[in-house]
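Below, each value reflects all heavy atoms present in this structure, side chains not excepted, and no hydrogens, waters or symmetry copies.
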Amino acid sequence: MDESIALPFLALGVLAWVLPKAKRRIELSRAKHRSLAGHSRIAKRIAGLLPGYAYDEEKFFNSDHADSAVVQRRRDGFAKLAALYAERFPKSAAMTASARNIISDLQFTGRYRVPYQYSDYLNQHIKSGSFVKASQGVTVTDLDDNIFYDLTGSYGVNLLGYDFYKASIEAGQQLVKDLGPVLGAYHPCVLENVTRLQAISGLDEVSFHMSGTEAVMQAVRLARYHTKRSHLVRFSGSYHGWWEDVQPGPGNPLPPRETHTLKEMDERTLHVLRTRKDIACVLVNPLQALHPNAPAPGDSSLVDSSRRVAYDRAAYTEWLKKLRAVCTERGIVLIFDEVFLGFRLAQGGAQAYFGIQADMVTYGKTLGGGLPVGVVCGRSALMKRYRDDRPGDICFARGTFNAHPYVMGAMKAFLDALETPAIAQLYDGIDERWDGRAKLLNGRLEEQGLPVRVANMSTVWTVLYTQPSRYNWMLQFYLRAHGLALSWVGSGRLIFSLNYGEVEFGEVVRRFADAVQAMQNDGWWSGPEQTNQTIRKGIFREMLRQPR
(Lines give C-alpha, C1' and ligand atoms only; values in the text may rest on other atoms or scores of the structure.)
Protein backbone atom coordinates (compact mmCIF):
# COMPACT_ATOMS: atom_id res chain seq x y z
CA MET A 1 0.00 0.00 0.00
CA ASP A 2 1.20 3.51 -0.80
CA GLU A 3 2.67 5.22 2.28
CA SER A 4 0.56 8.33 1.70
CA ILE A 5 -2.57 6.18 1.96
CA ALA A 6 -1.39 3.93 4.78
CA LEU A 7 -0.39 6.65 7.21
CA PRO A 8 -3.87 8.20 7.57
CA PHE A 9 -5.36 4.75 8.21
CA LEU A 10 -2.67 4.08 10.80
CA ALA A 11 -3.36 7.42 12.49
CA LEU A 12 -7.08 6.65 12.58
CA GLY A 13 -6.35 3.26 14.12
CA VAL A 14 -4.19 4.83 16.83
CA LEU A 15 -6.87 7.41 17.58
CA ALA A 16 -9.53 4.72 17.76
CA TRP A 17 -7.42 2.93 20.39
CA VAL A 18 -6.26 5.99 22.33
CA LEU A 19 -9.44 8.09 22.51
CA PRO A 20 -11.63 5.58 24.43
CA LYS A 21 -8.84 4.99 26.93
CA ALA A 22 -8.32 8.72 27.35
CA LYS A 23 -12.06 9.21 27.79
CA ARG A 24 -12.21 6.52 30.51
CA ARG A 25 -9.21 8.05 32.21
CA ILE A 26 -10.82 11.50 32.28
CA GLU A 27 -14.08 10.05 33.59
CA LEU A 28 -12.16 8.27 36.34
CA SER A 29 -10.36 11.47 37.33
CA ARG A 30 -13.63 13.40 37.44
CA ALA A 31 -15.08 10.77 39.81
CA LYS A 32 -12.30 11.34 42.33
CA HIS A 33 -12.78 13.78 45.17
CA ARG A 34 -10.88 16.98 44.48
CA SER A 35 -9.14 16.87 47.86
CA LEU A 36 -6.00 14.83 48.50
CA ALA A 37 -8.21 12.17 50.10
CA GLY A 38 -9.42 11.36 46.60
CA HIS A 39 -6.01 11.32 44.92
CA SER A 40 -3.96 8.72 46.73
CA ARG A 41 -0.91 8.86 44.45
CA ILE A 42 -0.61 12.64 44.77
CA ALA A 43 -1.30 12.47 48.52
CA LYS A 44 1.48 9.93 48.93
CA ARG A 45 3.94 12.07 46.97
CA ILE A 46 3.10 15.19 48.94
CA ALA A 47 3.38 13.30 52.24
CA GLY A 48 6.87 12.26 51.18
CA LEU A 49 7.83 15.90 50.67
CA LEU A 50 6.62 17.27 54.02
CA PRO A 51 9.64 18.47 55.99
CA GLY A 52 10.13 17.22 59.52
CA TYR A 53 10.73 20.00 62.04
CA ALA A 54 9.79 20.82 65.62
CA TYR A 55 8.83 24.05 67.35
CA ASP A 56 11.02 25.45 70.08
CA GLU A 57 9.48 26.73 73.29
CA GLU A 58 8.76 30.20 71.96
CA LYS A 59 7.08 28.95 68.79
CA PHE A 60 5.13 26.27 70.67
CA PHE A 61 3.24 28.92 72.65
CA ASN A 62 3.04 31.54 69.90
CA SER A 63 2.67 29.85 66.52
CA ASP A 64 -0.28 32.18 65.81
CA HIS A 65 1.58 35.42 66.70
CA ALA A 66 -0.54 36.26 69.74
CA ASP A 67 0.27 39.18 72.00
CA SER A 68 2.54 38.73 75.01
CA ALA A 69 -0.29 38.70 77.59
CA VAL A 70 -2.04 35.80 75.79
CA VAL A 71 1.23 33.90 75.43
CA GLN A 72 1.84 34.25 79.16
CA ARG A 73 -1.65 32.90 79.94
CA ARG A 74 -0.85 29.90 77.78
CA ARG A 75 2.48 29.35 79.49
CA ASP A 76 0.90 29.53 82.92
CA GLY A 77 -1.96 27.24 81.94
CA PHE A 78 0.41 24.72 80.35
CA ALA A 79 2.60 24.71 83.46
CA LYS A 80 -0.44 24.01 85.68
CA LEU A 81 -1.56 21.24 83.34
CA ALA A 82 1.89 19.64 83.28
CA ALA A 83 2.07 19.78 87.08
CA LEU A 84 -1.37 18.19 87.37
CA TYR A 85 -0.34 15.34 85.04
CA ALA A 86 2.88 14.79 87.01
CA GLU A 87 0.99 14.69 90.29
CA ARG A 88 -1.98 12.61 89.17
CA PHE A 89 -0.50 10.12 86.68
CA PRO A 90 3.05 9.23 87.84
CA LYS A 91 2.77 5.42 87.74
CA SER A 92 0.87 5.31 84.46
CA ALA A 93 3.26 7.77 82.83
CA ALA A 94 6.35 5.97 84.14
CA MET A 95 5.25 2.60 82.78
CA THR A 96 4.37 4.19 79.44
CA ALA A 97 7.82 5.81 79.25
CA SER A 98 9.49 2.47 80.02
CA ALA A 99 7.47 0.69 77.37
CA ARG A 100 7.73 3.26 74.61
CA ASN A 101 11.20 2.22 73.42
CA ILE A 102 10.19 -1.42 73.07
CA ILE A 103 6.57 -1.15 71.91
CA SER A 104 6.51 0.40 68.46
CA ASP A 105 2.78 1.19 68.63
CA LEU A 106 3.41 3.52 71.57
CA GLN A 107 6.11 5.34 69.63
CA PHE A 108 3.67 5.93 66.79
CA THR A 109 0.67 6.99 68.87
CA GLY A 110 2.80 9.19 71.10
CA ARG A 111 4.22 10.95 68.06
CA TYR A 112 0.92 11.52 66.26
CA ARG A 113 -1.46 12.60 69.01
CA VAL A 114 -1.00 16.21 67.85
CA PRO A 115 0.37 18.02 64.78
CA TYR A 116 3.97 16.89 64.58
CA GLN A 117 5.49 20.37 64.93
CA TYR A 118 4.23 20.52 68.53
CA SER A 119 4.88 16.91 69.47
CA ASP A 120 8.46 17.08 70.79
CA TYR A 121 7.93 19.93 73.25
CA LEU A 122 4.56 18.61 74.37
CA ASN A 123 5.89 15.11 75.08
CA GLN A 124 8.73 16.54 77.15
CA HIS A 125 6.31 18.21 79.56
CA ILE A 126 2.91 16.46 79.43
CA LYS A 127 3.45 12.87 80.54
CA SER A 128 0.32 10.90 79.81
CA GLY A 129 -0.24 7.19 80.40
CA SER A 130 -1.27 4.40 78.05
CA PHE A 131 -1.83 1.74 80.72
CA VAL A 132 -5.02 1.01 82.64
CA LYS A 133 -5.67 -1.76 85.15
CA ALA A 134 -9.45 -2.06 85.51
CA SER A 135 -12.81 -1.27 83.97
CA GLN A 136 -16.26 -1.10 85.49
CA GLY A 137 -19.56 0.20 84.15
CA VAL A 138 -18.66 3.09 81.83
CA THR A 139 -15.28 3.80 83.43
CA VAL A 140 -11.66 2.70 83.30
CA THR A 141 -9.08 2.99 86.08
CA ASP A 142 -5.39 3.74 85.50
CA LEU A 143 -2.36 2.60 87.52
CA ASP A 144 -2.68 5.62 89.82
CA ASP A 145 -6.30 4.77 90.69
CA ASN A 146 -7.71 7.64 88.63
CA ILE A 147 -11.17 6.76 87.33
CA PHE A 148 -12.07 8.05 83.86
CA TYR A 149 -15.36 8.04 82.02
CA ASP A 150 -14.51 6.01 78.94
CA LEU A 151 -14.95 7.71 75.56
CA THR A 152 -12.51 5.46 73.71
CA GLY A 153 -14.94 2.64 73.02
CA SER A 154 -11.90 0.36 72.72
CA TYR A 155 -11.72 1.19 69.00
CA GLY A 156 -15.41 0.32 68.69
CA VAL A 157 -15.36 -3.01 70.52
CA ASN A 158 -17.15 -1.66 73.58
CA LEU A 159 -20.74 -1.40 72.44
CA LEU A 160 -22.56 -2.85 75.45
CA GLY A 161 -20.23 -2.01 78.34
CA TYR A 162 -17.08 -3.62 79.68
CA ASP A 163 -18.93 -5.63 82.31
CA PHE A 164 -20.95 -7.23 79.53
CA TYR A 165 -17.82 -8.34 77.68
CA LYS A 166 -16.17 -9.65 80.82
CA ALA A 167 -19.25 -11.80 81.33
CA SER A 168 -19.25 -12.87 77.67
CA ILE A 169 -15.63 -13.97 77.84
CA GLU A 170 -16.25 -15.87 81.06
CA ALA A 171 -19.38 -17.54 79.67
CA GLY A 172 -17.53 -18.46 76.49
CA GLN A 173 -14.64 -19.93 78.45
CA GLN A 174 -17.02 -22.04 80.51
CA LEU A 175 -18.79 -23.27 77.39
CA VAL A 176 -15.65 -24.50 75.61
CA LYS A 177 -13.33 -25.32 78.52
CA ASP A 178 -13.55 -29.06 77.97
CA LEU A 179 -12.31 -28.64 74.41
CA GLY A 180 -9.72 -25.99 75.20
CA PRO A 181 -7.54 -24.54 72.42
CA VAL A 182 -8.12 -27.35 69.90
CA LEU A 183 -7.75 -25.91 66.41
CA GLY A 184 -8.89 -27.21 63.05
CA ALA A 185 -11.93 -29.04 64.40
CA TYR A 186 -14.93 -26.95 65.48
CA HIS A 187 -16.70 -26.62 68.79
CA PRO A 188 -20.46 -27.25 68.36
CA CYS A 189 -21.28 -23.61 69.15
CA VAL A 190 -19.76 -22.64 65.79
CA LEU A 191 -22.78 -23.98 63.93
CA GLU A 192 -25.15 -21.98 66.12
CA ASN A 193 -23.09 -18.84 65.54
CA VAL A 194 -23.15 -19.37 61.79
CA THR A 195 -26.91 -19.86 61.76
CA ARG A 196 -27.43 -16.61 63.62
CA LEU A 197 -25.02 -14.73 61.35
CA GLN A 198 -26.92 -15.99 58.33
CA ALA A 199 -30.09 -14.51 59.79
CA ILE A 200 -28.42 -11.20 60.69
CA SER A 201 -26.60 -10.72 57.40
CA GLY A 202 -29.23 -12.17 55.09
CA LEU A 203 -26.45 -14.11 53.36
CA ASP A 204 -25.73 -17.78 52.76
CA GLU A 205 -22.29 -18.65 54.08
CA VAL A 206 -19.79 -17.55 56.73
CA SER A 207 -16.03 -17.69 57.19
CA PHE A 208 -14.10 -16.74 60.34
CA HIS A 209 -10.87 -14.76 60.59
CA MET A 210 -8.72 -13.17 63.27
CA SER A 211 -9.23 -9.47 62.50
CA GLY A 212 -11.35 -7.07 60.52
CA THR A 213 -8.45 -6.33 58.19
CA GLU A 214 -8.09 -10.03 57.44
CA ALA A 215 -11.83 -10.37 56.80
CA VAL A 216 -11.81 -7.51 54.29
CA MET A 217 -8.76 -9.01 52.57
CA GLN A 218 -10.61 -12.31 52.13
CA ALA A 219 -13.79 -10.66 50.86
CA VAL A 220 -11.85 -8.75 48.21
CA ARG A 221 -9.87 -11.87 47.22
CA LEU A 222 -13.08 -13.84 46.72
CA ALA A 223 -14.69 -11.03 44.73
CA ARG A 224 -11.71 -10.92 42.38
CA TYR A 225 -11.62 -14.69 42.11
CA HIS A 226 -15.25 -15.07 41.13
CA THR A 227 -15.63 -12.02 38.89
CA LYS A 228 -12.24 -12.58 37.21
CA ARG A 229 -11.69 -8.84 37.46
CA SER A 230 -8.78 -7.12 39.14
CA HIS A 231 -9.79 -3.67 40.39
CA LEU A 232 -11.65 -2.54 43.47
CA VAL A 233 -13.35 0.74 44.27
CA ARG A 234 -13.14 2.33 47.67
CA PHE A 235 -14.39 5.77 48.59
CA SER A 236 -12.46 8.89 49.39
CA GLY A 237 -11.50 8.97 53.07
CA SER A 238 -12.79 5.51 53.96
CA TYR A 239 -10.85 3.02 56.08
CA HIS A 240 -10.89 -0.73 55.55
CA GLY A 241 -7.79 -1.88 57.42
CA TRP A 242 -4.10 -1.28 56.88
CA TRP A 243 -3.33 -3.63 53.98
CA GLU A 244 -2.08 -2.47 50.61
CA ASP A 245 -5.07 -2.44 48.28
CA VAL A 246 -7.44 -0.59 50.57
CA GLN A 247 -4.99 1.90 52.09
CA PRO A 248 -3.30 3.21 48.96
CA GLY A 249 -2.25 6.66 50.17
CA PRO A 250 -0.03 7.88 53.04
CA GLY A 251 0.69 5.11 55.49
CA ASN A 252 1.32 2.48 52.81
CA PRO A 253 4.86 1.94 51.49
CA LEU A 254 3.49 0.85 48.09
CA PRO A 255 1.66 3.06 45.57
CA PRO A 256 -1.90 2.18 44.55
CA ARG A 257 -2.03 -0.44 41.81
CA GLU A 258 -5.49 -1.87 41.28
CA THR A 259 -7.50 0.42 43.53
CA HIS A 260 -9.70 3.34 42.47
CA THR A 261 -10.46 5.88 45.19
CA LEU A 262 -13.65 7.62 44.09
CA LYS A 263 -16.08 10.18 45.41
CA GLU A 264 -19.11 9.19 47.45
CA MET A 265 -22.60 10.44 46.66
CA ASP A 266 -21.67 11.49 43.14
CA GLU A 267 -23.16 10.57 39.77
CA ARG A 268 -19.74 10.53 38.11
CA THR A 269 -18.74 7.65 40.36
CA LEU A 270 -21.83 5.73 39.28
CA HIS A 271 -20.92 6.41 35.65
CA VAL A 272 -17.45 4.93 36.17
CA LEU A 273 -18.99 1.82 37.71
CA ARG A 274 -21.40 1.49 34.78
CA THR A 275 -18.79 1.84 32.06
CA ARG A 276 -15.64 0.04 33.24
CA LYS A 277 -15.18 -3.69 32.83
CA ASP A 278 -12.33 -4.27 35.31
CA ILE A 279 -14.09 -3.55 38.63
CA ALA A 280 -14.50 -6.62 40.82
CA CYS A 281 -15.99 -5.02 43.93
CA VAL A 282 -17.01 -1.87 45.73
CA LEU A 283 -16.14 -1.43 49.41
CA VAL A 284 -18.50 0.60 51.60
CA ASN A 285 -17.69 1.63 55.14
CA PRO A 286 -21.05 2.97 56.43
CA LEU A 287 -19.24 5.17 58.96
CA GLN A 288 -18.44 7.47 56.01
CA ALA A 289 -22.02 8.72 56.28
CA LEU A 290 -20.72 10.82 59.18
CA HIS A 291 -17.96 12.47 57.14
CA PRO A 292 -18.40 11.73 53.41
CA ASN A 293 -15.23 11.95 51.31
CA ALA A 294 -13.07 12.82 54.30
CA PRO A 295 -10.77 10.63 56.42
CA ALA A 296 -11.73 9.82 59.97
CA PRO A 297 -10.83 12.92 62.01
CA GLY A 298 -7.90 12.85 64.38
CA ASP A 299 -6.02 15.53 66.28
CA SER A 300 -2.72 14.82 64.52
CA SER A 301 -4.06 16.77 61.52
CA LEU A 302 -5.94 19.39 63.54
CA VAL A 303 -3.91 22.39 62.37
CA ASP A 304 -6.93 24.70 62.08
CA SER A 305 -10.70 24.55 62.65
CA SER A 306 -11.80 23.22 59.26
CA ARG A 307 -12.88 19.80 60.55
CA ARG A 308 -16.38 19.14 59.22
CA VAL A 309 -18.93 16.35 59.49
CA ALA A 310 -22.43 16.24 58.03
CA TYR A 311 -24.56 13.18 58.75
CA ASP A 312 -27.66 12.95 56.56
CA ARG A 313 -29.24 9.51 56.91
CA ALA A 314 -31.79 10.00 54.13
CA ALA A 315 -29.22 11.24 51.61
CA TYR A 316 -26.76 8.48 52.40
CA THR A 317 -29.49 5.84 52.17
CA GLU A 318 -30.45 7.11 48.72
CA TRP A 319 -26.80 6.94 47.65
CA LEU A 320 -26.51 3.34 48.81
CA LYS A 321 -29.65 2.40 46.88
CA LYS A 322 -28.17 3.84 43.68
CA LEU A 323 -24.88 2.07 44.36
CA ARG A 324 -26.69 -1.22 44.95
CA ALA A 325 -28.55 -0.87 41.64
CA VAL A 326 -25.40 -0.16 39.61
CA CYS A 327 -23.49 -3.04 41.19
CA THR A 328 -26.35 -5.41 40.41
CA GLU A 329 -26.53 -4.14 36.84
CA ARG A 330 -22.79 -4.58 36.22
CA GLY A 331 -22.11 -7.74 38.19
CA ILE A 332 -19.91 -5.88 40.69
CA VAL A 333 -19.70 -7.32 44.20
CA LEU A 334 -21.00 -4.86 46.79
CA ILE A 335 -19.16 -5.35 50.09
CA PHE A 336 -20.34 -3.71 53.31
CA ASP A 337 -17.43 -3.31 55.72
CA GLU A 338 -19.20 -3.28 59.08
CA VAL A 339 -16.12 -4.18 61.10
CA PHE A 340 -16.21 -0.93 63.07
CA LEU A 341 -19.78 0.31 62.87
CA GLY A 342 -21.51 -3.07 62.73
CA PHE A 343 -24.05 -3.42 65.51
CA ARG A 344 -23.84 0.16 66.72
CA LEU A 345 -26.68 1.31 64.50
CA ALA A 346 -29.12 -1.59 64.78
CA GLN A 347 -29.35 -5.19 65.94
CA GLY A 348 -29.13 -6.22 62.29
CA GLY A 349 -26.17 -3.96 61.57
CA ALA A 350 -25.82 -1.25 58.95
CA GLN A 351 -27.60 -3.31 56.30
CA ALA A 352 -30.75 -3.34 58.44
CA TYR A 353 -30.32 0.31 59.42
CA PHE A 354 -30.05 1.59 55.83
CA GLY A 355 -32.26 -1.11 54.27
CA ILE A 356 -29.62 -2.30 51.78
CA GLN A 357 -28.66 -5.92 51.07
CA ALA A 358 -24.99 -6.31 50.19
CA ASP A 359 -23.39 -9.27 48.39
CA MET A 360 -20.81 -9.69 51.15
CA VAL A 361 -20.50 -8.25 54.65
CA THR A 362 -17.51 -8.16 56.99
CA TYR A 363 -17.89 -7.96 60.77
CA GLY A 364 -15.49 -7.72 63.69
CA LYS A 365 -14.93 -5.73 66.87
CA THR A 366 -17.88 -6.27 69.20
CA LEU A 367 -19.06 -9.51 67.53
CA GLY A 368 -16.25 -11.45 69.23
CA GLY A 369 -17.78 -10.81 72.64
CA GLY A 370 -14.61 -9.00 73.69
CA LEU A 371 -12.12 -11.27 71.88
CA PRO A 372 -10.46 -10.66 68.47
CA VAL A 373 -12.45 -11.75 65.44
CA GLY A 374 -13.15 -11.06 61.79
CA VAL A 375 -16.08 -12.51 59.87
CA VAL A 376 -17.07 -12.66 56.20
CA CYS A 377 -20.68 -13.40 55.24
CA GLY A 378 -21.54 -13.78 51.57
CA ARG A 379 -23.65 -15.32 48.88
CA SER A 380 -22.78 -18.97 48.20
CA ALA A 381 -21.60 -18.18 44.68
CA LEU A 382 -19.03 -15.77 46.09
CA MET A 383 -17.81 -17.74 49.11
CA LYS A 384 -16.71 -20.89 47.25
CA ARG A 385 -12.91 -21.21 47.14
CA TYR A 386 -12.49 -23.62 44.23
CA ARG A 387 -13.88 -24.40 40.79
CA ASP A 388 -15.35 -27.81 40.05
CA ASP A 389 -14.26 -27.65 36.43
CA ARG A 390 -10.72 -26.45 37.24
CA PRO A 391 -9.58 -28.28 40.39
CA GLY A 392 -6.20 -26.56 40.43
CA ASP A 393 -7.74 -23.08 40.38
CA ILE A 394 -8.39 -22.30 44.04
CA CYS A 395 -8.69 -19.20 46.22
CA PHE A 396 -6.86 -20.35 49.31
CA ALA A 397 -7.60 -18.79 52.69
CA ARG A 398 -7.05 -20.46 56.02
CA GLY A 399 -5.74 -19.24 59.34
CA THR A 400 -4.42 -21.14 62.32
CA PHE A 401 -6.68 -19.39 64.79
CA ASN A 402 -9.82 -19.06 62.64
CA ALA A 403 -12.85 -20.16 64.68
CA HIS A 404 -10.78 -20.49 67.87
CA PRO A 405 -13.01 -22.19 70.48
CA TYR A 406 -12.71 -19.40 73.05
CA VAL A 407 -13.55 -16.73 70.46
CA MET A 408 -16.51 -18.75 69.25
CA GLY A 409 -17.73 -19.23 72.81
CA ALA A 410 -17.58 -15.50 73.54
CA MET A 411 -19.27 -14.80 70.21
CA LYS A 412 -22.12 -17.10 71.17
CA ALA A 413 -22.54 -15.20 74.43
CA PHE A 414 -22.72 -11.93 72.49
CA LEU A 415 -25.23 -13.29 69.98
CA ASP A 416 -27.31 -14.82 72.78
CA ALA A 417 -27.53 -11.44 74.49
CA LEU A 418 -28.27 -9.59 71.25
CA GLU A 419 -31.63 -11.36 71.08
CA THR A 420 -32.72 -10.54 74.63
CA PRO A 421 -35.34 -7.87 75.46
CA ALA A 422 -32.83 -6.00 77.64
CA ILE A 423 -30.44 -5.44 74.72
CA ALA A 424 -33.26 -4.78 72.27
CA GLN A 425 -34.39 -1.97 74.56
CA LEU A 426 -31.02 -0.24 74.14
CA TYR A 427 -31.69 -0.01 70.40
CA ASP A 428 -35.23 1.30 70.84
CA GLY A 429 -35.10 4.98 69.88
CA ILE A 430 -31.30 4.89 69.71
CA ASP A 431 -30.93 7.74 67.20
CA GLU A 432 -33.29 10.03 69.07
CA ARG A 433 -31.58 9.29 72.39
CA TRP A 434 -28.05 9.98 71.21
CA ASP A 435 -29.00 12.92 69.00
CA GLY A 436 -30.70 14.39 72.04
CA ARG A 437 -27.59 13.89 74.14
CA ALA A 438 -25.44 15.63 71.55
CA LYS A 439 -27.94 18.50 71.51
CA LEU A 440 -27.75 18.69 75.30
CA LEU A 441 -23.97 19.01 75.29
CA ASN A 442 -24.01 21.55 72.47
CA GLY A 443 -26.56 23.61 74.37
CA ARG A 444 -24.29 23.68 77.43
CA LEU A 445 -21.28 24.72 75.33
CA GLU A 446 -23.24 27.45 73.56
CA GLU A 447 -24.65 28.73 76.83
CA GLN A 448 -21.13 29.15 78.20
CA GLY A 449 -19.95 30.89 75.03
CA LEU A 450 -17.38 28.21 74.20
CA PRO A 451 -16.06 27.70 70.63
CA VAL A 452 -16.65 23.94 70.59
CA ARG A 453 -19.51 21.75 69.38
CA VAL A 454 -20.06 18.04 68.82
CA ALA A 455 -21.60 16.13 65.91
CA ASN A 456 -22.63 12.51 65.93
CA MET A 457 -23.82 9.41 64.15
CA SER A 458 -25.57 7.57 66.95
CA THR A 459 -22.88 6.76 69.56
CA VAL A 460 -19.92 7.84 67.40
CA TRP A 461 -19.12 11.51 67.96
CA THR A 462 -16.55 14.01 66.82
CA VAL A 463 -15.64 17.43 68.20
CA LEU A 464 -15.91 20.52 66.01
CA TYR A 465 -14.35 23.92 66.57
CA THR A 466 -16.23 27.08 65.66
CA GLN A 467 -13.33 29.53 65.92
CA PRO A 468 -10.24 29.27 63.68
CA SER A 469 -7.27 28.29 65.82
CA ARG A 470 -3.98 26.42 65.64
CA TYR A 471 -4.37 25.03 69.18
CA ASN A 472 -7.58 22.98 69.11
CA TRP A 473 -5.56 19.79 69.64
CA MET A 474 -4.80 20.94 73.19
CA LEU A 475 -8.38 20.10 74.20
CA GLN A 476 -7.64 16.38 74.47
CA PHE A 477 -5.25 17.03 77.36
CA TYR A 478 -7.76 19.16 79.24
CA LEU A 479 -10.41 16.47 78.74
CA ARG A 480 -8.08 13.84 80.24
CA ALA A 481 -7.30 16.17 83.11
CA HIS A 482 -11.04 16.31 83.81
CA GLY A 483 -11.37 12.55 83.93
CA LEU A 484 -12.45 11.69 80.37
CA ALA A 485 -10.53 8.88 78.67
CA LEU A 486 -9.84 9.43 74.96
CA SER A 487 -8.11 7.23 72.41
CA TRP A 488 -4.87 8.39 70.80
CA VAL A 489 -6.74 10.25 68.04
CA GLY A 490 -7.88 12.73 70.66
CA SER A 491 -11.04 14.72 70.07
CA GLY A 492 -11.49 13.35 66.54
CA ARG A 493 -13.60 10.43 67.68
CA LEU A 494 -15.52 9.86 70.89
CA ILE A 495 -17.18 6.45 71.15
CA PHE A 496 -19.86 5.84 73.75
CA SER A 497 -21.14 2.47 74.90
CA LEU A 498 -24.88 1.94 74.93
CA ASN A 499 -24.93 1.35 78.68
CA TYR A 500 -24.36 5.05 79.45
CA GLY A 501 -27.27 6.12 81.64
CA GLU A 502 -28.53 9.65 82.08
CA VAL A 503 -26.58 10.17 85.30
CA GLU A 504 -23.28 9.02 83.78
CA PHE A 505 -23.85 11.02 80.64
CA GLY A 506 -24.71 14.10 82.69
CA GLU A 507 -21.34 13.78 84.41
CA VAL A 508 -19.60 13.58 81.01
CA VAL A 509 -21.38 16.78 79.94
CA ARG A 510 -20.25 18.58 83.08
CA ARG A 511 -16.64 17.46 82.79
CA PHE A 512 -16.50 18.15 79.07
CA ALA A 513 -17.80 21.70 79.46
CA ASP A 514 -15.45 22.34 82.40
CA ALA A 515 -12.48 21.15 80.34
CA VAL A 516 -13.37 23.42 77.42
CA GLN A 517 -13.86 26.33 79.82
CA ALA A 518 -10.44 25.71 81.39
CA MET A 519 -8.79 25.67 77.98
CA GLN A 520 -10.46 28.93 77.04
CA ASN A 521 -9.41 30.52 80.32
CA ASP A 522 -5.80 29.58 79.56
CA GLY A 523 -5.82 31.58 76.33
CA TRP A 524 -5.53 28.92 73.66
CA TRP A 525 -8.40 30.49 71.67
CA SER A 526 -7.37 34.08 72.41
CA GLY A 527 -4.97 34.61 69.51
CA PRO A 528 -5.35 37.20 66.75
CA GLU A 529 -8.36 37.01 64.47
CA GLN A 530 -7.67 34.75 61.50
CA THR A 531 -9.31 32.35 59.07
CA ASN A 532 -8.67 28.68 58.40
CA GLN A 533 -7.29 29.66 55.01
CA THR A 534 -4.76 32.12 56.44
CA ILE A 535 -3.68 29.51 59.00
CA ARG A 536 -3.02 26.95 56.29
CA LYS A 537 -1.20 29.46 54.10
CA GLY A 538 1.02 30.36 57.05
CA ILE A 539 1.89 26.71 57.71
CA PHE A 540 2.66 26.20 54.01
CA ARG A 541 5.03 29.17 53.96
CA GLU A 542 6.62 27.87 57.16
CA MET A 543 7.24 24.50 55.53
CA LEU A 544 8.80 26.11 52.46
CA ARG A 545 11.33 27.84 54.69
CA GLN A 546 12.54 24.57 56.20
CA PRO A 547 15.94 23.30 54.98
CA ARG A 548 15.83 20.47 52.46
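Partners of Tyr118 by ring-ring contact (aromatic ring centres under 6.0 Å, His included), not counting sequence neighbours, listed by chain and number: Tyr55, Phe60, Tyr471, Trp473. When the ring-ring contact (aromatic ring centres under 6.0 Å, His included) test is applied to Phe343, the partners found at least two apart in sequence or on another chain are Tyr363, Phe414. Every residue two or more places apart in sequence or in another chain was checked for a side chain to side chain donor-acceptor pair (under 3.5 Å) with Ser201, and none qualifies. Qualifying side chain to side chain donor-acceptor pair (under 3.5 Å) partners for Glu267, counting only residues two or more places apart in sequence or in other chains: Lys322. For His260, the ring-ring contact (aromatic ring centres under 6.0 Å, His included) test picks out His231, with sequence neighbours left out. In terms of the ring-ring contact (aromatic ring centres under 6.0 Å, His included) criterion, Trp525 has no residue partners (sequence neighbours excluded). Under the side chain to side chain donor-acceptor pair (under 3.5 Å) criterion, Trp524 pairs with Tyr478, not counting sequence neighbours. For Arg313, the salt bridge (charged side-chain N to carboxylate O under 4.0 Å, His left out) test picks out Asp431, with sequence neighbours left out. Partners of Asn285 under the side chain to side chain donor-acceptor pair (under 3.5 Å) rule, at least two apart in sequence or in another chain, do not exist in this structure.
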Let me have the donor-acceptor pairs involving side chains of residues 213-220, under 3.5 Å, with sequence neighbours excluded, atom names and distances please.
| from | atom 1 | to | atom 2 | distance (Å) |
| --- | --- | --- | --- | --- |
| Glu214 | OE2 | His209 | ND1 | 3.4 |

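If you run side chain to side chain contact (heavy atoms under 4.5 Å, CB included) between Ser458 and each of Ile430, Asp435, Leu290, only Ile430 comes through.
Taking the centre of each ring, Tyr316 and Tyr353 stay at or above the 6.0 Å mark.
Considering every non-hydrogen atom in both Thr109 and Leu106, the closest pair reads OG1-O, 3.4 Å. In this structure, Ile102 and Gln107 approach most closely via the heavy-atom pair N-NE2, 4.2 Å.
Checked by atom type, the side-chain pair Tyr239/Gln247 shows no donor-acceptor distance below 3.5 Å. Defined by atom type and a distance below 3.5 Å, a donor-acceptor pair is missing between the side-chain atoms of Ser230 and Asp278.
Under the 6.0 Å distance and 45° angle rule, Arg480 counts as a cation-pi partner of Phe477.
The salt bridge (charged side-chain N to carboxylate O under 4.0 Å, His left out) contacts involving residues 336-359 comprise Arg324-Asp359, Asp359-Arg379, where partners must be two or more places apart or lie in separate chains. Counting only residues at least two apart or on different chains, no side chain to side chain donor-acceptor pair (under 3.5 Å) pair has a member in residues 36-49.
With rounding to the nearest 0.5 angstrom, the CD atom of Glu244 is 5.5 Å from the CG atom of Asn252.
Contact of the Ile495 side chain with the Tyr155 side chain is not registered, since no non-hydrogen atoms from C-beta on lie closer than 4.5 Å.
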